[in-house]
Amino acid sequence: MSGTSENFYLPSLARAAHAGHVKRCLSGLPDSQVDLDSGRMAIAFYCLGSLDLLKMVQERTSETDRESWREWIWEQQTSGIHGSGFRPSPFMTGSMSVEETRYTDYDTPHIIMTYTALLTLAILRDDFSRLDKKGILSFLKACQREDGSFSTVPGGGETDLRTLYCAFVISHLLDDWSGVSVERALSFIASCRSYEGGYGQFTHCEANGGTTYIAMAAIHLAPVTSNSLTPSEIRKTIEWAAHKQLQSGGFCGRTNKLADACYCFWIGASLKILGAGDLVDSRSLASFLASCQFKFGGIAKAPGEHSDPYHTYLSLAALSMFPPPISANDANSSSWAFDALDPLINAREETAKWARTHIAIRR
Amino acid sequence: MTEPTRYADRPEWSDVAPIEQYENTNPLAPIFYTNEYKDATNYFRGIVKIGEKSERVLELTEHIIRLNPAHYTAWQYRYETLIAIDSDLGKELKLMDELAITHLKTYQVWHHRRLLMLKIRKPFPELEFIARTFKVDAKNYHTWSYRQWLLAYFNDDELWGAELDFVEDLLYADIRNNSAWHHRFFTVFQSGVHEGEEDRERVLKREMIYVKQSISLVPNNASAWNYLRGILEQSSTPYSKMITFVEPYTLSMDEQTADLVDLDNPPPSKGAHLPCALAIEFLADIYEVQGGESMLKATELWKSLGNEHDVARKKYWEYRIREGLRALQA
């Protein structure tokens, strides 16, 4: 019964409304969201990423906008004692005088923002001629710690598995792993595996959808084949992940928690990476995400909640991996059509390809 | 409510040159800051430029983190200032108590607390504080992670001593709190051997009874079944040892045989929702390992799950059937 399109009703995906939502966020955010100030690059990625998945970048943005946005992103690339990378925004930057080309301890690049900057530039089809590739390798080195994990900023104390994933994607795109100790990183990931079969944010933490995705993606991006998962570990992780799809079709992030749209990506992508993507019920998944659509545009974490770029992007990414089995005759079917997504990089395949081609360090 | 006086209008700040944030003509996702935030961060950028670490910097950074608790540089600079001026860290911790409750889901709040604890080195009162925050949100990820860090880092037998009781209280309040189950596993099996827990046989037996009784009370609880699997794997106990315990949970209420008081095999409690899909899954796993003839029994159980007891996961059960057949043919 599941997997067929008989009697399967799905409302339309309100593509224009969702594009409108992220466009509004790109133009400006209210002061109530000031806590996003130190993460604007990530917000930009979720917004432009959403437009990219909807294939509306050209249609909904002008060449002038894209040009000046690329400029804005490049303004966040900064070099200094710990190498080069991208800041989240100029939140700690004063005037751009010529003397201040090197960052201080308080205005350093940030690993997660570097990852999102690179993907956003790829979405905007930048040629990356301005990228300080060698500088980024030094930056990654400066961020890796003894235990194999990565801090968000060089020598900084904040760390969790997300930063490790970013370091791996960046290395993958540069096609140069000399900036990271893969062995140490992989053993850190292994230390985050819990008895449930998923991965936590640090050693000894509860298995969680986001960090399980990161573990799976990082392991599969890594150039070495040692330290990869045993068949029984793979099975257990698949089992844990498959149990996270609930009756509503949505995914929860931890055992006995409620469904949240973002886990449709984090857990869905984990299954896809493990070769178990066909275990996802794409029909009920789409129904759940359809019900998460906010009436004024954008997709929310759960039905009835307010939308935001993060949940909008991840919902669209999930749908890109698991298109619903809607009949071509159905009037709503085109609204649910997506290009393929690269689950390891978390970008539309075409964008991921552009990124790889232009970011790789040529020998 | 009136806005506080701007730093720009306060004479005691007149020696600091505020620095406006650089922005180009078309910024990406700009935030429409309040005047209060703009003013405070202008002065923060000014202070950072001259490298001042003083009492008034504490006032300024507190102001900023109250407006934007994710401002990681304000947190970083605040911490450095506290150390540089030899501030009363106990007082800082009390301030953090207040902020933590308001900003439970903000990473920086907990990171700062960790840094303070590395200096103060008094982990005991933290357990009490954490317990209080759980009354607000018993599954908060950052809080649990902080508690696990605290216990593992200080690794004091006295600290560990009351942990099982603490977890049991939380499970009594919500038997489906997976964070509490996870923490129990961490406390018992993944943090070395604590005082009083040296007899590992006894500990294992105790945990088995605990989880089985929990399942008996509320069979449809994935946390408990995951915990049971965890214990079995940890102790290399084959799943098949559980067959007597599990079987009654795979039957309906009518099919239950006379109840026995058997600590090793507590039956489903009255009012339990049966048959329990998680038990059927477990039984199928036992049959799968046995292989051969038993694989057919496993297949029947997976079919019943896909068709009746756990339809939402039909594709998963079809996958299990396929994998089972593949193993048979191998």
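Just so it is clear: chains get the letters A, B, ... in the order the sequence lines come, proteins before strands, and each one is counted from 1.
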When rounded to the nearest 0.5 angstrom, what distance separates [atom1] in [X] from [atom2] in [Y]?
{"X": "A/Asp107", "Y": "B/Tyr22", "atom1": "CG", "atom2": "OH", "value": "13.5 Å"}
{"X": "A/Thr93", "Y": "B/Ile19", "atom1": "OG1", "atom2": "CD1", "value": "10.5 Å"}
{"X": "B/Phe189", "Y": "A/Tyr195", "atom1": "CZ", "atom2": "OH", "value": "10.0 Å"}
{"X": "B/Phe32", "Y": "A/Asp31", "atom1": "CZ", "atom2": "CG", "value": "10.0 Å"}
{"X": "A/Thr255", "Y": "B/Trp225", "atom1": "OG1", "atom2": "CH2", "value": "14.5 Å"}
{"X": "B/His182", "Y": "A/His204", "atom1": "NE2", "atom2": "NE2", "value": "8.0 Å"}

Q) For A/Phe202, is the NZ or CZ atom of B/Arg114 found under 6.0 angstrom from the centre of its six-membered ring and inside 45 degrees of the ring axis? A)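 Here B/Arg114 passes the 6.0 Å and 45° test against A/Phe202.
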
For [X], is it the side chain, the backbone, both, or neither that has a heavy atom closer than 4.5 Å to a heavy atom of chain B?
{"X": "A/Val153", "result": "side chain"}
{"X": "A/Leu26", "result": "both"}
{"X": "A/Cys205", "result": "both"}

Would you mind telling me which of [options] has the largest number of heavy-atom pairs within less than 4.5 Å of chain A?
{"options": "B/Glu23, B/Gln190, B/Glu323, B/His183", "value": "B/Glu23"}
{"options": "B/Ala312, B/Ser179, B/Ala222", "value": "B/Ser179"}
{"options": "B/Thr73, B/Leu28, B/Leu115, B/Asn26", "value": "B/Leu28"}
{"options": "B/Gln108, B/Lys139, B/Gln76", "value": "B/Lys139"}
{"options": "B/Trp75, B/Trp317, B/Tyr77", "value": "B/Tyr77"}
{"options": "B/Ser145, B/Pro69, B/Gly230, B/Ala74", "value": "B/Ser145"}

[Y] versus [X], side-chain donor and acceptor atoms under 3.5 Å:
{"X": "B/Glu80", "Y": "A/Tyr106", "value": "yes"}
{"X": "B/Glu281", "Y": "A/His243", "value": "yes"}
{"X": "A/Asp37", "Y": "B/Tyr37", "value": "yes"}
{"X": "B/Asn177", "Y": "A/Asn256", "value": "no"}
{"X": "A/Asp281", "Y": "B/Tyr316", "value": "no"}

Q | Greater than 12 external heavy atoms within 6.0 Å of A/Arg66's CZ | A |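 Yes, the 6.0 Å shell around CZ holds more than 12 heavy atoms from other groups.
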
Q: Determine whether more than 12 heavy atoms belonging to other residues, nucleotides or ligands lie under 6.0 Å from atom CG of A/Leu258.
A: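 No - once you tally the heavy atoms of other residues, nucleotides and ligands closer than 6.0 Å, there are 12 at most.
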
So which of [options] has the biggest tally of heavy-atom pairs under 4.5 Å with chain B?
{"options": "A/His110, A/Arg24, A/Lys257, A/Glu239", "answer": "A/Glu239"}
{"options": "A/Glu158, A/Arg254, A/Met41, A/Glu196", "answer": "A/Glu158"}
{"options": "A/Pro309, A/Ala207, A/Ser68, A/Pro30", "answer": "A/Ser68"}
{"options": "A/Gln201, A/Arg40, A/Gln247, A/Glu71", "answer": "A/Arg40"}

Residue [X] versus chain A: region with a heavy atom under 4.5 Å:
{"X": "B/Phe186", "value": "side chain"}
{"X": "B/Thr41", "value": "neither"}
{"X": "B/His111", "value": "side chain"}
{"X": "B/Trp181", "value": "both"}
{"X": "B/Tyr107", "value": "side chain"}

Q) Hey, mind stepping through A/Arg235 and B/Arg320 against side chain to side chain contact (heavy atoms under 4.5 Å, CB included) and telling me if it holds? A) CA-CA 10 Å; A/Arg235 226 187 86 147; B/Arg320 293 300 298 271; 3.0 Å; yes

(Q) Under the criterion side chain to side chain contact (heavy atoms under 4.5 Å, CB included), I'd like the reasoning laid out for B/Tyr319 against A/Ile238: C-alpha separation, chi angles, the key distance, then a yes or no. (A) CA-CA 11 Å; B/Tyr319 153 77; A/Ile238 290 175; 3.9 Å; yes

Q: Decide yes or no on side chain to side chain contact (heavy atoms under 4.5 Å, CB included) for A/Ser38 and B/Asn68, but give the supporting numbers first.
A: CA-CA 9 Å; A/Ser38 15; B/Asn68 174 10; 4.0 Å; yes

Q: Show your reasoning for whether ring-ring contact (aromatic ring centres under 6.0 Å, His included) applies to A/Phe91 and B/Tyr33.
A: CA-CA 11 Å; A/Phe91 78 108; B/Tyr33 306 120; 9.8 Å; no

Q) Are the charged groups of A/Glu206 and B/Arg147 less than 4.0 angstrom apart, N to O? A)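 A salt bridge is absent here (no side-chain N lies under 4.0 Å from a carboxylate O).
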
Q.
Under 4.0 Å between a side-chain nitrogen and a carboxylate oxygen: does that hold for A/Lys236 and B/Glu233?
A.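 Answer for the salt bridge query: yes.
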
Q. Do B/Arg313 side-chain atoms and A/Leu279 backbone N/O form a donor-acceptor pair below 3.5 Å?
A.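 No, the answer is negative, given that no donor and acceptor are paired below the 3.5 Å cut-off.
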
Q.
Working note: B/Val48 + A/Met92, criterion side chain to side chain contact (heavy atoms under 4.5 Å, CB included); need CA distance, chi angles, decisive distance, verdict.
A. CA-CA 9 Å; B/Val48 169; A/Met92 281 306 296; 4.0 Å; yes

